[in-house]
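Bear in mind that the values here come from a model prediction, so they are computed numbers and not experimental data. Sequence lines set the chain letters: A, B, ... in the order given, protein chains first and strands last, and positions in each chain run from 1.
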Amino acid sequence: MALRLYNTMSSQVEDFQTIRDKEVRMYACGPTVYDYGHIGNFRTFLAVDMLQRFLRQSGYSVRYVMNITDVDDKIIRNAARDGVSVQQYTAKYEKAFLEDSAMIGIQQPTLVRATDHIPQMADFVARLVEKDIAYRTDDGSYYFRIAKFPAYGKLSKKDFGGMIDSARVEFDEYDKDSARDFALWKAPKPGEAFWSTSIGAGRPGWHLECSVMSMEELGETFDLHAGGEDLVFPHHENEIAQSESLTGKMFARFWFHVRFLLVEGEKMSKSLGNFFTLRDLVLKGHKPSSIRYLLTSVPYRNQLNFTFDGLKQAAVSVDRLRNFRQRLNCGNFSPGSNPEMQSLATETTDRMKAALEDDLNTAQAQAAIFEMVRRANAALDSNAVQKEDIPSLLAALEKFDDIFAVLNDDDAAKMKQVFEWAPTEGRDKDIGAELRDAVQFAQLSGADIENKIAEMEAARRSRNFKSSDALRTELTTAGIIIENTKDGVRWRRK
RNA sequence: GGCGCGGUACCCAAGUGGUAAGGGAGAGGUCUGCAAAACCUUUAUGCGUCGGUUCGAUUCCGACCCGCGCCUCCA
């Protein structure tokens, strides 16, 4: 078996084959850095992150490039509103994006910025003009002539046959040959940021940067291009048009699109009051690992209903996995190995691989790991797990976590960052009691806790349950969960 | 209107032409000084509705109802 992925271009699940053996060159459309990223953005980036992780786990070397769109209408407008330069404005949100990505466990791709590629973009337009594929309008803007690219619409399955030859239309403020022609380069408007280039002053249109930067980084034809489902049209369609009409070659082989999510059953929107940035959720006290788990638990092509109930459930599920790992790490086991445990680990690894190879079916991969957890826990209860089984079971768990990345408990440290950030943006009032608690709990050092536990254990040994229970309550109140096992006391943070 | 996706238990959510993964929640039980963790049992004769094809459909086909997406820069 090998990886099979849905390709938007063919509308089918296909065998994933790379141009170069065992090397994947992929590009994802990243954020426009005009505000903090919301959970919808992160669902998409997380899906691509999982794909990238799985490709590496499958033995590919991966060149993964993501763009940062740091110039567009909204950015220019907001920067002007705030009285800062475009660079100052975007630097803040780019930084926030990187912090948020790290917080939610995204492995950082090679990042490229639109504004670092202005000359290349101008050059790209000039070459299109030479081929008469692009044209300049009176105001100094440049447009792509869709009539020159008959395959236009092949990705989004749209038929533009009837419109392409329409007469020259006066279209609002612009002077396009056809209403469907799209802007490659926009002439400057009074008071707006612009760049002086070989094709004149102005700024790039939205689609241009992705064609220019992806080809510069990955070559004229690369393996996979990813983004949110909304980008199929017009963004990716336009990228294909401009790139392929310039090179005469196929632009990207696979098109990977992530479905939008719903929040509490409805489309996420500010007017509905169900619009959440990642930081909004952490401010409410939700753990980054819970958010990551929930956002990755539904396969990327299915609609995911993001709910607060689901977030709670995700937290419990993650705890279950973490408890299991701790149980494996802390117990005392007799020497030898149990063939049943060995084959359980192997079966689980195989099932996870098969699930992910099937168009990244994350839900089934989770089912496989939980099946293992349940069966191994049962075996642990009956002392059927032996010393040499531990590495095998842990290896399967690690294989899972290479992709899902929720086991490492650094939630408190991440939440602390958000806690400290809040006042800098006047968001103190949004800090929830749960976040406050989580941050406070993190202050207690491991040594402090161990000391309390030793005290508690001493009381228990002398059967002074009243005093030991008091100590446990004290720790519980501080967010420490105590478990007395036959191998001694285990503790963990809530 | 055009193109596309989906409706599965209390909640989230996989999946299959032969009778329903997994997680959470609930109930009962085991273990425990009490907890916690863990385990066991249990919770859809049912997979939007109505027809059709079939020995057999939740899975295929058709109609309808509902939700969602794209169709001028929203991941």
Side-chain angles (χ1 to χ4, degrees), chain A residues 8 11 28-32 37-48 69 72-74 153 156-160 171-172 179-180 182-183 186 205-207 226-235 237-238 257-262 265-270 275 293-294 297-321 323-324 326-327 351 355 358 361-371 373-382 460 463-466 468-469 472-473 476 480-486 489-492:
Chain A
T8 308
S11 306
C29 289
T32 301
H38 56 70
I39 53 177
N41 295 321
F42 285 107
R43 183 201 189 182
T44 297
F45 301 140
L46 237 21
V48 185
T69 299
D72 86 326
D73 292 347
K74 224 172 306 186
S156 54
K157 311 293 178 293
K158 294 183 193 301
D159 182 7
F160 295 97
F171 198 71
D172 293 335
R180 284 285 172 183
F182 60 89
K186 297 180 178 181
W206 176 37
H207 319 298
E229 62 168 334
D230 58 317
L231 300 182
V232 174
F233 189 90
H235 185 53
E237 197 72 70
N238 291 351
H257 292 103
V258 183
R259 191 90 141 86
F260 270 16
L261 54 69
L262 258 39
E266 292 185 287
K267 184 179 176 169
M268 182 168 70
S269 76
K270 288 183 176 164
F275 181 96
Y293 186 89
L294 178 56
S297 60
V298 177
Y300 74 97
R301 285 202 296 131
N302 293 355
Q303 201 163 50
L304 179 159
N305 186 11
F306 190 98
T307 64
F308 284 97
D309 189 40
L311 213 40
K312 273 187 227 138
Q313 296 178 10
V316 178
S317 299
V318 170
D319 275 345
R320 187 166 154 85
L321 294 172
N323 287 339
F324 173 67
Q326 194 180 28
R327 217 179 155 187
R351 271 182 70 188
D358 182 14
N361 194 328
T362 50
Q364 295 223 9
Q366 287 180 343
I369 203 70
F370 277 106
E371 177 86 24
V373 170
R374 200 194 76 243
R375 287 170 58 186
N377 266 325
L380 285 162
D381 280 353
S382 60
R460 278 190 73 216
R463 301 194 64 83
N464 184 354
F465 295 125
K466 197 173 173 186
S468 84
D469 283 352
R472 185 169 63 200
T473 304
T476 304
I480 309 300
I481 294 165
I482 306 296
E483 295 172 17
N484 296 329
T485 75
K486 61 180 185 295
V489 179
R490 281 203 310 250
W491 64 273
R492 61 196 164 88

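For a distance-only test at 3.5 Å, the side chain of A:Lys186 qualifies as a donor-acceptor partner of the base of B:C73. For B:A35, the base has a donor-acceptor partner in the side chain of A:Arg472 [N/O atoms by modelled type, under 3.5 angstrom]. Judged by atom type and distance alone, A:Asp230 does not reach the base of B:G69 through any side-chain donor-acceptor pair under 3.5 Å. Looking at A:Gln313, its side chain has no donor and acceptor atom pair within 3.5 Å of the base of B:C12. Side-chain atoms of A:Arg259 and base atoms of B:C5 include a donor and an acceptor less than 3.5 Å apart.
In this structure, the aromatic ring of A:Phe465 is positioned over the six-membered ring of the base of B:G33, centres within 5.5 Å and planes within 30°. By the stacking rule of 5.5 Å between ring centres and under 30° between planes, A:Phe260 stacks on the base of B:A75.
Pairing of B:U72, defined by two Watson-Crick or G-U wobble distances under 3.5 Å, is not identified with any nucleotide.
No donor-acceptor contact under 3.5 angstrom links the side chains of A:Arg490 and A:Asn323, judged on distance only.
Taking atom C1' in both B:U16 and B:A20, one finds a spacing of 9 Å when rounded to whole Å.
Heavy atoms of A:Ile369 sit nowhere under 4.0 angstrom from any nucleic acid atom. Residue contacts for A:Arg460: at a heavy-atom cut-off of 4.0 Å it reaches a base atom on one of the strands shown. Contact annotation for A:Asn302: backbone-only contact, meaning every heavy-atom pair under 4.0 Å involves sugar-phosphate atoms and none involves a base. Nucleic acid contact class of A:Ile481 (heavy atoms, under 4.0 Å, all strands): sugar-phosphate only.
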